[in-house]
Amino acid sequence: MLDLKSTIRDIADFPKKGIIFKDITPLLKSPTALTETAKALAEQAKGLKIRKIAAIESRGFIFGALLSERLGAGFVPIRKKGKLPAAVYQESYELEYGTDILEMHQDAIEKGEKVLIHDDVLATGGTAQAACRLVEKAGGEIVLVSFLIELSFLNGRDLLANYPVKSLIQY
Ligand code: AMP
């Protein structure tokens, strides 16, 4: 098995001082790493009968879409405020300074549908928690919250304690 961790690059002080950014572009540009990652993420969701993948803008869209294809599920974009054209649900979440808003189309998920939420990185968990609230507003049942990378030292799982959480790579 390919060492996926070796394809993730640390960029210091991006997007601002003090942050070590996990850059997944070296992983994405490798055909082998890309395929292995999609396969491993899909493996984690095997047997869950997932109907929709709800993925978080924008890096979450990459493997979110590949997961949809592999699991035979529909794809639902969760986006920053003002990007989606039809009627939306909104949820705000805390940033280091201030708050931000995520939106999802109101007709994206049917009541009772099994949903997998995906993003590239779990840091403090605030973003994923807001995504969970959006899916629940629509009546979806969250069967897995999936990440490519988990920054374990930030304890993001604490905010997601009500849901099953899985990540492929931990720091
Ligand atoms: P959080 O809400 O703190 O869990 O932050 C998660 C969101 O911020 C995800 O959409 C990530 O893409 C992004 N993010 C947070 N920290 C990092 C990091 N160190 N490297 C790359 N992306 C990050």
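Read the numbers this way: they start at 1 and go in the same order the structure lists the ligands and their atoms.
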Drop me the distance from [X]'s [atom1] to [Y]'s [atom2], to the nearest 0.5 angstrom.
| X | Y | atom1 | atom2 | value |
| --- | --- | --- | --- | --- |
| M104 | Q90 | CE | CD | 12.0 Å |
| R79 | I56 | CZ | CD1 | 13.0 Å |
| K39 | L168 | NZ | CG | 12.5 Å |

- Query: Do we get K166 above F147's six-membered ring, with its NZ or CZ under 6.0 Å from the centre and within 45° of the axis?
  - Reply: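 No, K166 does not sit over the ring of F147.
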
- Item | Sorted by chain and number, the residues that approach ligand 1 to under 4.0 Å with a heavy atom |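 Those residues closer than 4.0 Å to ligand 1 by some heavy atom are I20, F21, K22, R59, D119, D120, V121, A123, T124, G125, G126, T127, L151.
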
- Message: Under the rule for side chain to side chain donor-acceptor pair (under 3.5 Å), what residues qualify as partners of R70, not counting sequence neighbours?
- Response: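 Scan of R70 (side chain to side chain donor-acceptor pair (under 3.5 Å), adjacent residues dropped) gives none.
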
- Item | Closest non-hydrogen atom pair, L102 against T127 |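 For L102 and T127, the tightest heavy-atom pair comes out as CD1-O, 3.7 Å.
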
